[in-house]
Structures are given as structure tokens and as C-alpha cells.
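Because only heavy atoms are used, hydrogens play no part in the values below, and waters and symmetry mates are left out as well, while side chains stay in. Along the sequence shown, the residues carry numbers beginning at 1.
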Amino acid sequence: MLKDDIFERLTALLDTHDARYRVMEHATGGRSEDVAKIRGTHLGQGAKGLVCHVKGKGYRQYVLAVLPADQQADLATLARQVGGSRASLASPKEVSELTRCVFGAIPPFSFHPELKLVADPLLFERYDELAFNAGSLERSIILHTEDYRRIAMPELVAFRKITD
């Protein structure tokens with residue numbers, strides 16, 4: 001089963017790198033706000049992963065863009081920051097092929113060579129722990145933020161919408 005495969009890969013990776021984390025089984029939450037309540041975490045602790053297709057200026061790249069769940073992505077900024085001119089969300093088929101997960105269950109780690117991992121710097125500035133779905137809508141991992149940064153090593157790219 002796909003979700004168990006990803007969960008096993010995640011926990012093996014975290015264990016290999018002595019990460020401080022805990023696993024939580026829970027009901028399917030739906031929206032990020034609902035899942036945060038179920039987990040007992042702040043919305044901003046959620047590490048939301050968006051699989052995007054960035055193109056333009058001879059550039060074509062799939063990107064797993066991670067940002068706090070209380071923020072919105074600015075896809076035009078993301079595209080410019082990674083070297084393209086436009087970005088769009090990947091199709092459900094592409095998401096499944098690149099992550100082996102369904103929408104909403106994508107962990108903030110890339111296990112596919114064609115999926116570049118980037119994270120908005122705000123993800124590392126507010127909370128000691130991050131929470132994310134671990135390949136399943138019914139299972140989350142709550143991981144120390146610095147362990148995530150050290151193990152995943154995402155490229156830092158500011159791409160969240162800035163609202164005044």
C-alpha cells in the first residue's frame with residue numbers, strides 16, 4: 001500500500017538521523033485547520049507541501065514547495081525564485097507519481113529524483129515542532145523543526161503571499 005510505503009521510508013529516514021519525532025494516528029481531518037485541531041497543534045506548525053510544475057525560460061522542474069499551513073503560496077514568486085517564469089499545481093496523477101501520496105497527505109520530504117524540495121524560511125522561524133501528514137490522511141508526524149531542516153535540507157525560497 002502506498003501510504004505505508006511512504007510512512008516506512010519516513011520513519012526509517014528519521015530514525016537513521018536520530019530525529020526527535022512522534023507519530024499520531026487520527027481521524028481524517030480535511031482542511032488544515034481541522035487537522036491542526038485534531039493534532040492539538042497550531043495551524044502555523046503544519047508543514048503544507050504543494051507539488052508544483054515550474055516552467056519557462058527553458059526551465060522545467062517539479063517542485064515540492066513547503067510552507068506553513070497558515071500561509072498561502074505565491075506561485076508566480078515561486079517560479080521566479082527557482083528559475084522559471086510560471087508555476088502551477090501538479091495534476092493528481094503527477095502528484096501520485098512523484099510522491100506516492102494523495103493530495104493532502106504529502107509529507108515535506110522528497111523521495112523522487114525529479115522533485116526538487118524547497119521550503120519557505122518562515123517554516124523555521126516560529127515553532128519548535130512541525131506537524132505533517134505522513135503519507136496518509138489518518139497519520140501525522142510531529143517533528144522537531146531543526147531536525148526537519150537538518151535531515152530534509154530543503155532549499156530556502158521565500159514564496160508565501162505577503163499580505164499587508
Side-chain angles (χ1 to χ4, degrees), residues 3-4 6-52 54 62-82 87 89-90 95 98-112 115-164:
K3 65 183 178 183
D4 291 333
I6 293 300
F7 177 76
E8 295 301 327
R9 287 184 76 174
L10 274 171
T11 55
L13 178 66
L14 297 177
D15 290 343
T16 299
H17 290 89
D18 297 318
R20 295 160 291 171
Y21 74 97
R22 61 190 183 277
V23 176
M24 179 182 285
E25 304 275 344
H26 53 76
T28 301
R31 298 182 353 200
S32 297
E33 294 86 353
D34 301 330
V35 176
K37 285 179 186 169
I38 291 168
R39 290 179 184 141
T41 58
H42 295 277
L43 179 58
Q45 284 180 268
K48 176 170 59 176
L50 303 173
V51 179
C52 302
V54 179
Y62 285 106
V63 175
L64 174 55
V66 182
L67 75 164
D70 63 349
Q71 302 294 308
Q72 291 186 330
D74 182 334
L75 295 183
T77 298
L78 173 66
R80 285 191 307 276
Q81 294 280 36
V82 299
L89 293 177
V95 169
L98 293 165
T99 68
R100 299 177 55 124
C101 297
V102 298
F103 270 96
I106 301 165
F109 290 85
S110 175
F111 294 112
H112 194 289
L115 186 60
K116 178 179 182 163
L117 178 63
V118 303
D120 191 279
L122 184 62
L123 194 66
F124 305 103
E125 296 172 6
R126 301 185 295 169
Y127 298 99
D128 291 336
E129 292 182 316
L130 299 175
F132 53 89
N133 285 334
S136 162
L137 296 173
E138 297 85 28
R139 185 183 289 149
S140 294
I141 288 179
I142 300 173
L143 171 65
H144 274 251
T145 304
E146 284 308 310
D147 288 343
Y148 168 68
R149 188 174 187 167
R150 173 177 57 85
I151 296 165
M153 294 186 297
E155 180 181 330
L156 297 184
V157 175
F159 67 93
R160 69 185 183 280
K161 283 187 183 175
I162 306 296
T163 56
D164 296 326

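- Put simply, the side chain of L156 reaches to within 4.5 Å of the side chain of R149, judged on heavy atoms.
- Considering only heavy atoms from C-beta on, T11 comes within 4.5 Å of I141 through its side chain.
- You'll find the side chain of V118 reaches within 4.5 Å of the side chain of L78, heavy atoms only.
- Between Y21 and Y148, a ring centre-to-centre spacing not shorter than 6.0 Å is recorded.
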Output, in order, the C-alpha distance, side-chain angles, deciding distance and verdict of side-chain contact (heavy atoms from CB on, under 4.5 Å) for V63 and F159. CA-CA 12 Å; V63 175; F159 67 93; over 6 Å; no

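- Here the closest heavy-atom approach between residue V54 and residue A79 is recorded as CG1-CA, 3.8 Å.
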Pair R80, V157 - check side-chain contact (heavy atoms from CB on, under 4.5 Å), show working. CA-CA 10 Å; R80 285 191 307 276; V157 175; over 6 Å; no

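- A donor-acceptor pair is defined here as one N or O able to donate and one able to accept, closer than 3.5 Å; such a pair exists between the side chain of S110 and the backbone of L115.
- In Q72, the CD atom is not crowded: 12 or fewer heavy atoms of neighbouring residues, nucleotides or ligands sit closer than 6.0 Å.
- Checked for salt-bridge contact, D34 and K37 miss the test: no charged N lies under 4.0 Å from a carboxylate O.
- Residues L75 and C52 meet the side-chain proximity criterion, which asks for heavy atoms closer than 4.5 Å.
- Taking the side chain as every heavy atom from C-beta outward, H17 and D147 never approach each other to under 4.5 Å.
- Taking every heavy atom of both residues into account, C101 and A105 meet most closely at SG-O, 3.8 Å.
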Output side-chain donor-acceptor pairs under 3.5 Å for residues 42-50, partner residues at least two apart or in another chain, one line each.
residue: Q45; atom: OE1; partner: H42; partner atom: N; Å: 2.9
residue: Q45; atom: NE2; partner: E129; partner atom: O; Å: 3.1
residue: K48; atom: NZ; partner: Q71; partner atom: O; Å: 2.7

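- Annotation: the span from L137 atom CG to H26 atom NE2 amounts to 8.5 Å, rounded to 0.5 Å.
- Looking only at side-chain heavy atoms (C-beta outward), L13 and F111 come within less than 4.5 Å of each other.
- The line from OG of S136 to CD1 of I6 is 11.5 Å long, rounded to the nearest 0.5 Å.
- A 6.0 Å sphere centred on CG of D128 holds no more than 12 heavy atoms belonging to other residues, nucleotides or ligands.
- Checked options L130, T145, L67; the residue passing with L123 is L130 (criterion: side chain to side chain contact (heavy atoms under 4.5 Å, CB included)).
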Just do the side-chain contact (heavy atoms from CB on, under 4.5 Å) check on T77 and I162 with the steps written out, would you? CA-CA 11 Å; T77 298; I162 306 296; over 6 Å; no

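- For the pair R139 and F7, the cation sits on the ring face: its NZ or CZ lies under 6.0 Å from the ring centre, inside 45° of the axis.
- In terms of heavy-atom proximity, A19 sits nearest to L143 at CB-CD1, 3.8 Å.
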Dump the intermediate steps for side-chain contact (heavy atoms from CB on, under 4.5 Å) on R126 and D70, then the final yes or no. CA-CA 12 Å; R126 301 185 295 169; D70 63 349; 2.8 Å; yes

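- Counting heavy atoms from C-beta outward, F109 and I151 have side chains that approach closer than 4.5 Å.
- We find the CD-CG distance between E138 and N133 to be 8.5 Å, quoted to the nearest 0.5 Å.
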